[in-house]
Number of protein chains: 2
Amino acid sequence: MGSMQTQDLRSEPVSPAALRLPHLEAGWQRQGKLWSTLKELCALLRIPVTSTMTDDDLLFQHVQFKTGQRIHTIGQPFDTLYIVHSGFLKTVLIDEYGNEQVLSFPMKGDLFGVDGIHTRRYPSEAVALSNCDLVLLPFKKFVALGRSYLELEHAMYSVMSRELVREQAMVSMLGALSAEARVARFLVSLSERFADMGYSSKLFNLRMTRHEIGSYLGLTLETVSRTLSAFNEIGLITVDQRSIGICDVEALRTLRRLPPSTTRNRQAAGRKARQLPQPLVDAAPAAPGDPATWDQLMSA
Amino acid sequence: MGSMQTQDLRSEPVSPAALRLPHLEAGWQRQGKLWSTLKELCALLRIPVTSTMTDDDLLFQHVQFKTGQRIHTIGQPFDTLYIVHSGFLKTVLIDEYGNEQVLSFPMKGDLFGVDGIHTRRYPSEAVALSNCDLVLLPFKKFVALGRSYLELEHAMYSVMSRELVREQAMVSMLGALSAEARVARFLVSLSERFADMGYSSKLFNLRMTRHEIGSYLGLTLETVSRTLSAFNEIGLITVDQRSIGICDVEALRTLRRLPPSTTRNRQAAGRKARQLPQPLVDAAPAAPGDPATWDQLMSA
DNA sequence: CGGGTCTTTGATTAGGTTCAATAAGAGTGG
DNA sequence: CCACTCTTATTGAACCTAATCAAAGACCCG
């Protein structure tokens with residue numbers, strides 16, 4: 001953590017030739033530390049690289065964090081933005097009673113720390129869920145850079161706007177969707193992120209606990225666990241602890257609510273029998289992939 | 001609406017002089033409040049005004065909208081940001097089944113349209129809930145201005161960051177708070193906004209329907225209505241249709257959940273009687289300000 | 001191996017939704 | 001000005017989803 005204040009490369013001239021060796025995907029190495037060029041940064045953030053950004057003398061320092069370490073804490077003075085180069089994190093708000101509210105799970109290519117700009121203090125804290133390699137983007141340096149690289153400034157607006165849209169989608173999800181739909185969409189978006197990063201979109205490990213997922217989705221950890229089990233039972237996914245296999249993305253993507261399980265069917269039938277006697281179907285458990293069951297899964 | 005496309009400053013050479021008010025065949029009215037200076041804009045947005053911004057030739061056009069009119073629609077190409085000079089609006093997302101999700105209720109001093117920057121199309125739509133007077137801020141013109149007025153650019157980051165923090169608070173609220181707490185906080189924040197704007201914080205009219213409030217808070221309109229009635233019954237507020245009187249802000253601010261109402265007490269007593277017979281208290285309605293009732297209202 | 005954390009699963013219940021009926025306004029046009 | 005309609009708000013009753021409480025297994029790490 002102490003190393004965070006040391007990054008002070010300013011505009012010190014460095015011989016480009018001496019540093020011309022790209023270090024795989026891990027950025028440049030200098031003084032035992034990793035550095036990234038502006039171009040690499042843009043690529044990471046998925047924003048267009050322009051011809052004016054070919055200045056390889058301009059470098060951004062990386063910092064490593066180990067699992068469980070805090071990147072910044074609530075109330076800490078804001079001065080730098082972070083871009084995830086590798087690893088997984090969570091950002092959380094702590095309410096007045098000490099309860100955590102998970103806001104996001106930043107991973108490769110994500111920017112965080114933006115919420116500190118306004119109050120000049122971070123209102124949230126960021127914690128590494130795995131070992132992480134982060135690129136430091138000192139805010140002042142960044143603003144200054146915007147003057148030399150005009151497109152960069154626009155890119156920043158774009159990235160912040162993207163974050164805003166993401167939060168809006170989150171609000172919409174929390175406001176309108178059932179527990180099952182939330183978990184389903186969460187899995188789909190994770191799957192897509194893993195695909196983006198070059199991992200398998202079909203089989204991956206969750207980096208966060210059920211509790212953290214629940215907090216993120218506005219659910220309890222039990223509901224998350226139960227929902228995953230239910231998805232597993234009807235063959236949408238496979239679950240084994242943190243390991244998730246996606247079997248039917250399309251179903252997950254469009255799922256609104258789950259059909260009643262067999263045990264709850266019995267209860268429901270019992271209740272409804274009073275009003276509407278219906279053909280008594282003996283409790284044969286629905287086949288996992290039964291098409292008759294599928295339609296009920298999907299949204300109207 | 002057609003006037004929105006008229007000022008086109010592109011990203012050409014950026015001398016402040018080039019940005020001064022465009023031609024204007026017909027005499028423009030500064031008295032009719034159809035135009036605002038940069039200083040006025042900063043004041044509106046609650047951001048610091050610097051000495052360099054004293055150029056009164058630089059003007060921003062206003063546009064009026066009547067109740068019910070749409071300012072921008074979903075999918076419409078993005079090109080301008082809006083600042084509310086007066087009036088009330090809502091911004092909504094429409095999901096794949098046509099359901100509205102209210103995202104915000106912009107009012108005086110609020111900026112909206114920011115979510116369109118990233119995709120270059122508005123992902124949401126904005127609707128006037130009352131007659132409105134908006135300041136147009138063509139995005140390209142604004143970006144160009146950032147070069148001449150350095151503080152303006154920083155202010156923009158700050159405002160966007162503020163929006164992000166607001167959304168985070170929203171997510172946190174939706175994820176963690178009870179219906180009653182949501183409604184209570186909504187009323188408090190409205191009250192504070194009205195105070196900011198110079199109106200009474202104790203007595204005001206809601207500009208939105210119960211349905212819109214419910215959508216914003218992730219609740220049904222019935223729950224909103226019931227909750228307001230409950231607050232009214234215990235003397236926290238007065239309600240008469242759209243007119244709201246705030247009686248106890250502090251109680252609203254810290255409220256977590258409501259004590260069971262007298263009618264529900266009877267039901268609950270009936271249920272619990274089986275397990276735990278308790279002193280039968282005849283249904284005398286609780287006095288509106290009964291201190292014994294207060295403590296239960298507050299958070300642990 | 002043992003203690004802590006994380007996960008699964010069951011039983012119960014509370015909070016909020018849904019459905020339904022009524023009332024109260026706000027326009028509109030005769 | 002009143003009848004008519006449409007939207008908005010209130011209130012009740014039944015139901016259902018997800019939270020809560022509880023207990024037992026699985027996993028991890030020193």
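In this text, all values refer to a predicted model and were calculated from it rather than measured experimentally. Lettering follows sequence order; numbering is per chain, from 1.
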*What is the distance from CD of A:Gln241 to C1' of C:dT5, rounded to the nearest Å?*
11 Å
_Can you see if the side chain of B:Arg210 gets near the phosphate of D:dT10 - specifically, an N or O under 4.0 Å from OP1 or OP2?_
yes
*Is the backbone N or O of B:Thr67 less than 3.5 Å from a side-chain atom of B:Asn131, with the two atoms forming a donor-acceptor pair by type?*
yes
*Name the closest nucleotide to the A:Thr223 side chain, picking from C:dG16, C:dT8, D:dA19.*
D:dA19
*Hey, does the side chain of A:Thr209 come within less than 4.0 Å of C:dT5's phosphate (OP1/OP2), counting only N and O?*
no
*Could you check how far CD of A:Glu212 sits from P of C:dT7, rounded to whole Å?*
9 Å
*Give the nucleotide from the list C:dC19, D:dT10, C:dT8 with an atom nearest to the side chain of B:Glu222.*
C:dC19
*Kindly indicate whether the side chain of B:Arg226 and the base of C:dT18 share any N or O donor-acceptor pair separated by less than 3.5 Å?*
yes
*Out of D:dT8, D:dA18, D:dT11, whichever nucleotide has its closest atom nearest the side chain of B:Ser225*: D:dT11
*Rounded to the nearest 0.5 Å, how far apart are CZ of B:Arg166 and OG of B:Ser189?*
9.0 Å
*Would you say C:dG16 has OP1 or OP2 under 4.0 Å from some side-chain N or O of B:Thr220?*
no
*Please give, in whole Å, the distance from C:dG15 C1' to B:Leu177 CG?*
14 Å
*What nucleic acid atoms does B:Gly218 come within less than 4.0 Å of, heavy atoms only: base, sugar-phosphate, or nothing?*
sugar-phosphate
